[in-house]
Amino acid sequence: MNKITIIGAGNVGATIAYTLTISGLASRIVLIDINEEKALGEARDILQGTPYFHPCDIYAGTYADAKDSNIVIITSGVARKPGQSRLDLAQVNVDILKQITPQITKYAPNANYIIVSNPVDILTYAFCKYSGLPENRIIGSGTILDTARLRSCISDYYDINQQNVHAFVLGEHGDSSFIPWSVCNISNIPIDEYCAALTKPNKPIHTLSHQEIEDHVRTSGAYIIQRKGATFHAVSMSVAYICKGLLSGIDTTMPVSTMLHGEYGIDDVCLSLLNVVGHDGAHSHALLRLNDEEMKALHHSADSLKAVIKSVTF
């Protein structure tokens, strides 16, 4: 039995619960929210559709109901508003996490934790400091969403299956993120050589603009928030992918936010690198061979996050 507890029954938390239910990854899902009626309503709404999908017991509960959870997902906090950056949320959501941490770890000390609330890198860092849990069991969703947006964009541009696109966004889940283009490829063909490699392209294709793609990835969240008020579908699918990696019997590499201890010369900050994720959490980094420009971008991202850490009261 796979049991997953979700703290926060807002748009993101409820959609994660729905996505996990229809994916069949969990046989039991607990929704916890300060607004108990909202959690009850979301749980009942999802539960009533389960006869047509995978059997799943989903219900609203308290922190005590998180006992024996395999995974705990934290989505609670103040949501980002139009025109607001993720980092603007830092202090208020750190304070909320500070209240939640001892209550949930008391009942689920052996779970793997996924931090989704923004600013995710800062909150992942805070949870590492507050919880006292092994760092390999603390994962921030980080740039896994940015990476999905990147792969989706490249897939659409080249009219190719998304799963043939191998590309990552690294660093902060935010403005200082970057794409290590030197390792991006489509079916092992370097991304900038793909056009020339096609003998019979379906349509005229030109080499993509790195800057246009980077701008698209960085502004996708704000674009969606401006038009529908929030983002929750893509992040929920991305979090479900992390859960799949944690519950699977085989390790999976993915870009998620974890504590660094000297990787690429960076220490004491959480940001996204390529991690190996499995039953034991994010138990290893898979260090990509970055060029000098990419290394500079990574260090800039780390410095940007460290500046926020210094400005927040932990």
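Computation of the quantities below employed the complete heavy-atom set of this structure, encompassing side-chain atoms and omitting hydrogens, waters and symmetry-equivalent molecules.
Between I7 and Y63, the closest side-chain pair of non-hydrogen atoms falls below 4.5 Å. Proximity of H173 to D146: side-chain heavy atoms (C-beta onward) are separated by under 4.5 Å at one or more points. Considering only heavy atoms from C-beta on, Y125 stays 4.5 Å or farther from L305 through its side chain. Within the 4.5 Å cutoff, side-chain heavy atoms of Y264 are placed close to those of L273. At least one side-chain heavy atom of L298 sits less than 4.5 Å from a side-chain heavy atom of L271. Looking only at side-chain heavy atoms (C-beta outward), M254 and K244 stay at 4.5 Å or farther from each other. Inter-residue side-chain proximity for C243 and I114 is flagged as met; some heavy-atom pair is nearer than 4.5 Å. You'll find the side chain of I74 reaches within 4.5 Å of the side chain of Y113, heavy atoms only.
The backbone N or O of T75 lies less than 3.5 Å from a partner atom in the side chain of S117, making a donor-acceptor pair. Between the S209 side chain and the E212 main chain, a donor and an acceptor come within less than 3.5 Å of each other. N118 contributes no side-chain N or O that, together with a main-chain N or O of L89, makes up a donor-acceptor pair within less than 3.5 Å. Checked by atom type and distance alone, the side chain of H279 pairs as donor or acceptor with a backbone atom of L246 at under 3.5 Å. Side chain of S272 to main chain of T143: a donor-acceptor pair is present (N/O by atom type, distance under 3.5 Å, no hydrogens or angles). Distance alone, capped at 3.5 Å, places no donor-acceptor pair between the D121 side chain and the E172 backbone. Side chain of S23 to main chain of L20: a donor-acceptor pair is present (N/O by atom type, distance under 3.5 Å, no hydrogens or angles). Using modelled atom types, one side-chain atom of Q103 and one backbone atom of Q99 make a donor-acceptor pair closer than 3.5 Å. Judged by distance alone, with hydrogens and angles left aside, the side-chain atoms of Q226 form no donor-acceptor pair with the main-chain N or O of Y223 at under 3.5 Å. Checked by atom type and distance alone, the side chain of K3 pairs as donor or acceptor with a backbone atom of K67 at under 3.5 Å.
M1 and V30 are not part of a single hydrophobic cluster, where members link through side-chain heavy atoms under 4.5 Å apart. If you chain together hydrophobic residues whose side chains sit under 4.5 Å apart, L247 and I73 fall into the same group. Linking Ile, Leu, Val, Met, Phe, Trp and Tyr residues whenever their side-chain heavy atoms come within less than 4.5 Å leaves V276 and L288 in two separate clusters. There is no path of hydrophobic side-chain contacts, each under 4.5 Å, that joins M237 to I71. I250 and Y241 fall into different hydrophobic clusters, where Ile, Leu, Val, Met, Phe, Trp and Tyr side chains are chained together by heavy-atom contacts under 4.5 Å.
Closest approach of A108 and A66 over heavy atoms only: CB-O, 3.7 Å. Between I154 and A167, the shortest heavy-atom contact is CD1-CB, 4.2 Å. Of all the heavy atoms in I96 and G77, the pair that sits closest is CD1-CA, 3.8 Å. What you find for H300 and S176 is that their closest heavy atoms are CD2-CB, 4.0 Å. Closest non-hydrogen pair, S177 versus V169, comes out as CB-CG1, 3.7 Å. Nearest heavy atoms, T219 versus D215: OG1-O, 2.7 Å.
Once rounded to the nearest 0.5 Å, the distance linking CD1 of I29 with CD1 of I16 reads 10.5 Å. A distance of 4.5 Å separates CG of L150 from CD1 of I179, quoted to the nearest 0.5 Å. The line from NE2 of H233 to OG1 of T15 is 6.0 Å long, rounded to the nearest 0.5 Å. A distance of 11.0 Å separates OG in S236 from OH in Y18, rounded to the nearest 0.5 Å. Rounded to the nearest 0.5 Å, atoms CG (D95) and CD1 (I100) are 11.0 Å apart. Summarising the geometry, atom OG1 belonging to T21 is positioned 10.0 Å from atom CZ belonging to F53; distances are rounded to the nearest 0.5 Å.
Summarising the local packing, CD of E263 is surrounded by more than 12 heavy atoms from other residues, nucleotides or ligands at distances under 6.0 Å. No more than 12 heavy atoms of other residues, nucleotides or ligands lie within 6.0 Å of NZ in K106, so this atom counts as exposed by the packing criterion. Applying the 6.0 Å contact sphere to NZ of K98 captures more than 12 heavy atoms from other residues, nucleotides or ligands. For R227, the CZ atom is densely surrounded, since the number of other residues' heavy atoms within 6.0 Å is greater than 12. Heavy atoms of other residues, nucleotides or ligands lying less than 6.0 angstrom from CG of L198 number more than 12. Dense packing is recorded around CG of N161, with more than 12 heavy atoms of other residues, nucleotides or ligands lying under 6.0 Å away.
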**OP:** Kindly determine whether T5 and S69 satisfy side-chain hydrogen bond (donor to acceptor under 3.5 Å, both in side chains), including the steps that lead there.
**Re:** CA-CA 6 Å; T5 293; S69 292; 2.7 Å; yes
**OP:** Dump the intermediate steps for side-chain contact (heavy atoms from CB on, under 4.5 Å) on E294 and N291, then the final yes or no.
**Re:** CA-CA 5 Å; E294 292 159 354; N291 62 32; 3.2 Å; yes
**OP:** Report the C-alpha separation of D268 and L260 in whole Å, then their side-chain angles, then the decisive distance to 0.1 Å, and conclude whether the side-chain contact (heavy atoms from CB on, under 4.5 Å) test is met.
**Re:** CA-CA 6 Å; D268 196 39; L260 269 61; over 6 Å; no
**OP:** Under the side-chain hydrogen bond (donor to acceptor under 3.5 Å, both in side chains) rule, what do E293 and W181 come out as? Steps first, then yes or no, please.
**Re:** CA-CA 10 Å; E293 183 179 345; W181 290 106; over 6 Å; no
Subject >> side-chain contact (heavy atoms from CB on, under 4.5 Å) between M259 and K129, worked out >> reply: CA-CA 10 Å; M259 184 69 78; K129 298 300 182 181; 4.1 Å; yes
**OP:** Test T105 against Y130 for side-chain contact (heavy atoms from CB on, under 4.5 Å), laying out the working first.
**Re:** CA-CA 10 Å; T105 55; Y130 294 149; over 6 Å; no
Only pairs under 3.5 Å count here: list side-chain donor-acceptor contacts from residues 35-45, not counting sequence neighbours, and write none if there are none.
residue: N35; atom: OD1; partner: E37; partner atom: N; Å: 3.3
residue: N35; atom: OD1; partner: K38; partner atom: N; Å: 3.1
residue: K38; atom: NZ; partner: A9; partner atom: O; Å: 2.7
residue: K38; atom: NZ; partner: E42; partner atom: OE2; Å: 2.6

Residues 306-314, side-chain donor-acceptor partners within the protein, below 3.5 Å, at least two apart:
residue: K306; atom: NZ; partner: D267; partner atom: O; Å: 2.9
residue: S311; atom: OG; partner: V308; partner atom: O; Å: 2.7

Got a list of side-chain donor-acceptor pairs under 3.5 Å for residues 185-192, not counting sequence neighbours?
residue: N185; atom: OD1; partner: N188; partner atom: N; Å: 2.8
residue: N185; atom: ND2; partner: V183; partner atom: O; Å: 3.4
residue: D192; atom: OD1; partner: H210; partner atom: NE2; Å: 3.0
residue: D192; atom: OD2; partner: H210; partner atom: NE2; Å: 3.1

